[in-house]
> 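My questions all concern the structure below.
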Amino acid sequence: MNKNTSSDSVMQAAAAWRTVLGESAVEIEPSALADHGRNAYGSPIRSVAILRPQSESDVQRIVDIAGKYGVPLYPISTGRNWGYGAASPVTEGCAVVDLSQLHKIRVVDAELGIVSLQPGVTQGMLAEFVAQQQLDWMVPVHGGGPTCSILGNALERGYGLTPTTDHFAALTSLRAVLADGSMYESPFHAMGAETLGSAHRWGIGPYVEGLFSQGNFGIVTEATFTLQRRPEHVEAFFIRIRDEAQLGELVDQLPTVLSALGATVAGVNLMNDRRVLSMSRRYPVDQVGPGEIISDALCAKMTKNAGITAWTAAGVIHCPYRMRKSVRRELKRLLPRSLSRPIHMNRWRVHWAKAATRLMPIGQQSIMQQIDSIEALLDLADGIPQRVALPLAYWLRGDAITTKEDLNPAQDNCGLIWYSPLVPMKSADVHQYVAMVERVCAEHGIEPLITLTSLSERLFDSTVPILFRPEQPGATERAQACYEALWKQGEQIGCLPYRLGTLTMSRLFNANLANHASLLQQLKRTFDPKNLISPGRYISIQ
Ligand SMILES: Cc1cc2nc3c(=O)[nH]c(=O)nc-3n(C[C@H](O)[C@H](O)[C@H](O)COP(=O)(O)OP(=O)(O)OC[C@H]3O[C@@H](n4cnc5c(N)ncnc54)[C@H](O)[C@@H]3O)c2cc1C
């Protein structure tokens with residue numbers, strides 16, 4: 001329990017919350033709290049209550065009562081922050097404010113593609129809404145799947161696959177309940193100019209909205225988002241990369257490719273062989289002991305059988321239909337000559353590949369599975385949410401996981417910590433980074449599954465899922481030690497995470513951040529002197 005929160009004050013606050021929210025909106029049963037706190041992350045932090053407001057004014061009442069009894073709050077939108085702590089608070093003694101019941105969608109401007117979303121609106125809900133209303137806009141989707149909140153992800157500055165790769169960049173204005181119970185509203189909205197304020201994210205004067213992303217200055221109850229118009233043509237391309245030398249050539253040429261092709265190539269993912277294996281083959285549980293990883297020899301055998309090269313590049317093209325051939329030509333012209341030709345897949349090609357595969361013998365049906373994955377990738381690129389990435393969290397179990405069912409890695413007791421550093425788009429940096437991750441992961445008995453995703457023509461965001469089996473003795477500690485070592489050794493070569501999990505946020509304050517941290521702490525002390533909202537989330541004043 002937080003040193004300032006006594007169980008008496010929790011009980012008094014719970015009684016007051018029940019009076020204003022109703023019995024069923026306040027949960028304090030230990031078993032329910034334990035279930036809710038399962039996080040696939042190895043964080044033992046438990047909450048003291050779960051509160052389920054139905055409206056913005058409920059949220060204000062919750063904050064008033066929290067202030068009166070000194071019980072800190074930890075707001076979540078849908079709490080599916082898998083690999084970063086899921087729905088768990090950063091510190092003990094918080095009441096989780098679960099905003100998933102606030103799920104209104106409002107079209108601010110259908111022609112300009114602007115919607116207003118409450119925190120509980122998931123990718124799946126927005127996709128359904130857009131389809132029902134026959135709006136020609138794409139949902140900013142990502143690998144977490146249809147049950148993740150658009151707003152929660154944006155507040156974490158998550159990334160996706162549609163042309164709106166940076167999800168916080170699509171958030172243009174917001175409303176938030178502050179620690180004293182008052183409301184913050186973005187400036188143009190407060191001046192009655194809703195369309196303007198929803199189309200121009202900077203408003204006027206100092207930009208304040210950024211404080212609510214990766215921060216703890218308020219509970220965001222609504223935000224506007226600009227959506228991208230659905231392009232006429234979407235296709236994926238794949239490039240087989242033989243070895244590290246070819247990888248280096250591609251990395252050094254990517255800045256030119258991305259700046260020349262601009263928005264038509266939304267992003268390029270570079271994945272190592274083990275990462276591609278994790279998406280296409282079952283984990284060989286019977287051939288790998290606890291605390292070990294797939295041996296190099298077995299990995300070579302598996303990748304050979306599956307036709308996987310050392311690295312694979314996967315990218316997405318969004319363009320007008322008539323431009324598709326020239327984009328393909330230009331891409332081929334700009335890529336290093338030593339690379340194999342990109343393989344392009346669009347819906348039409350997937351349709352024919354599927355038809356051809358149906359005629360194949362049963363033994364070759366794994367090709368069908370690969371085509372299904374390509375189709376799911378095209379859906380994601382088209383702004384249609386899919387669960388295709390989620391089986392990754394279950395990979396070490398060696399089971400076949402179907403993406404048809406609702407998957408929740410936290411509730412299913414998976415083990416996953418994301419290490420997600422930024423890496424300069426230069427071959428020397430990438431080689432150094434890849435060698436570091438492979439070495440550190442192997443030392444900790446963690447599979448080195450590496451993806452590098454282009455965020456711009458200068459930078460990759462790398463994602464390394466540290467997978468572990470929490471039921472195996474010592475596995476959680478090993479995974480956490482691996483994360484720590486990756487952070488430390490990554491920092492030494494100039495690679496730092498773009499986003500943190502709840503267990504590691506305190507590291508930010510041990511880092512050499514004197515000015516940044518002290519300015520934020522001064523602001524936090526001014527706006528939230530009792531440290532009521534999300535204590536310890538990126539900013540700590542303890
Ligand atoms: C296999 C797999 C693939 C994934 N792929 C991606 C990916 O491609 N891109 C990506 O970004 N993530 C990815 N994730 C990580 C994660 O699942 C998503 O980022 C997810 O969207 C975060 O959970 P959420 O949307 O429920 O947000 P929440 O968990 O609700 O919110 C995240 C955090 O933001 C804060 N917060 C949320 N709402 C509010 C609010 N209203 N007011 C104040 N603070 C708030 C809280 O501190 C909360 O802990 C992936 C996870 C898995 C397992």
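Order of appearance sets the numbers: ligands from 1, and atoms from 1 within every ligand.
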> Who are the side-chain hydrogen bond (donor to acceptor under 3.5 Å, both in side chains) partners of Asp399, not counting sequence neighbours?
none
> Is it true that Asp58 and Arg61 make a salt bridge, defined as a side-chain N closer than 4.0 Å to a carboxylate O?
yes
> Write out each pair where an N or O from ligand 1 and one from the protein are under 3.5 Å apart, with the distance.
| residue | atom | partner | partner atom | Å |
| --- | --- | --- | --- | --- |
| ligand 1 | 5 (N) | Gly144 | N | 3.3 |
| ligand 1 | 8 (O) | Gly143 | N | 3.0 |
| ligand 1 | 9 (N) | Tyr159 | O | 2.8 |
| ligand 1 | 11 (O) | Asn153 | ND2 | 2.9 |
| ligand 1 | 11 (O) | Tyr159 | N | 3.2 |
| ligand 1 | 11 (O) | Arg499 | NH1 | 3.0 |
| ligand 1 | 17 (O) | Arg80 | O | 2.7 |
| ligand 1 | 19 (O) | Asn153 | ND2 | 2.8 |
| ligand 1 | 19 (O) | Arg499 | NH2 | 2.7 |
| ligand 1 | 21 (O) | His142 | NE2 | 3.0 |
| ligand 1 | 21 (O) | Asn153 | ND2 | 3.2 |
| ligand 1 | 23 (O) | Arg80 | O | 3.0 |
| ligand 1 | 23 (O) | Asn81 | N | 3.1 |
| ligand 1 | 25 (O) | Ser149 | N | 3.0 |
| ligand 1 | 25 (O) | Ser149 | O | 3.2 |
| ligand 1 | 26 (O) | Thr78 | OG1 | 2.5 |
| ligand 1 | 26 (O) | Gly79 | N | 3.2 |
| ligand 1 | 26 (O) | Arg80 | N | 2.7 |
| ligand 1 | 29 (O) | Gly79 | N | 3.4 |
| ligand 1 | 29 (O) | Arg80 | N | 3.4 |
| ligand 1 | 29 (O) | Asn81 | N | 3.4 |
| ligand 1 | 30 (O) | Ser77 | N | 2.7 |
| ligand 1 | 30 (O) | Thr78 | N | 2.9 |
| ligand 1 | 30 (O) | Gly79 | N | 3.0 |
| ligand 1 | 38 (N) | Ser77 | N | 3.3 |
| ligand 1 | 38 (N) | Ser77 | OG | 2.7 |
| ligand 1 | 41 (N) | Val220 | O | 2.8 |
| ligand 1 | 42 (N) | Val220 | N | 3.0 |
| ligand 1 | 47 (O) | Tyr74 | OH | 3.0 |
| ligand 1 | 47 (O) | Arg537 | NE | 3.1 |
| ligand 1 | 47 (O) | Arg537 | NH1 | 3.1 |
| ligand 1 | 49 (O) | Tyr74 | OH | 3.0 |

> For Gly445, does its backbone N or O pair with a side-chain atom of Arg478 as donor and acceptor, under 3.5 Å?
yes
> If you count the non-hydrogen atoms of other residues, nucleotides and ligands that lie under 6.0 Å from CZ in Phe238, is the total more than 12?
yes
> So, using side-chain hydrogen bond (donor to acceptor under 3.5 Å, both in side chains) as the criterion, who are the partners of Thr164 when residues are at least two apart?
none
> Not counting sequence neighbours, which residues clear salt bridge (charged side-chain N to carboxylate O under 4.0 Å, His left out) with Arg46? List them please.
none
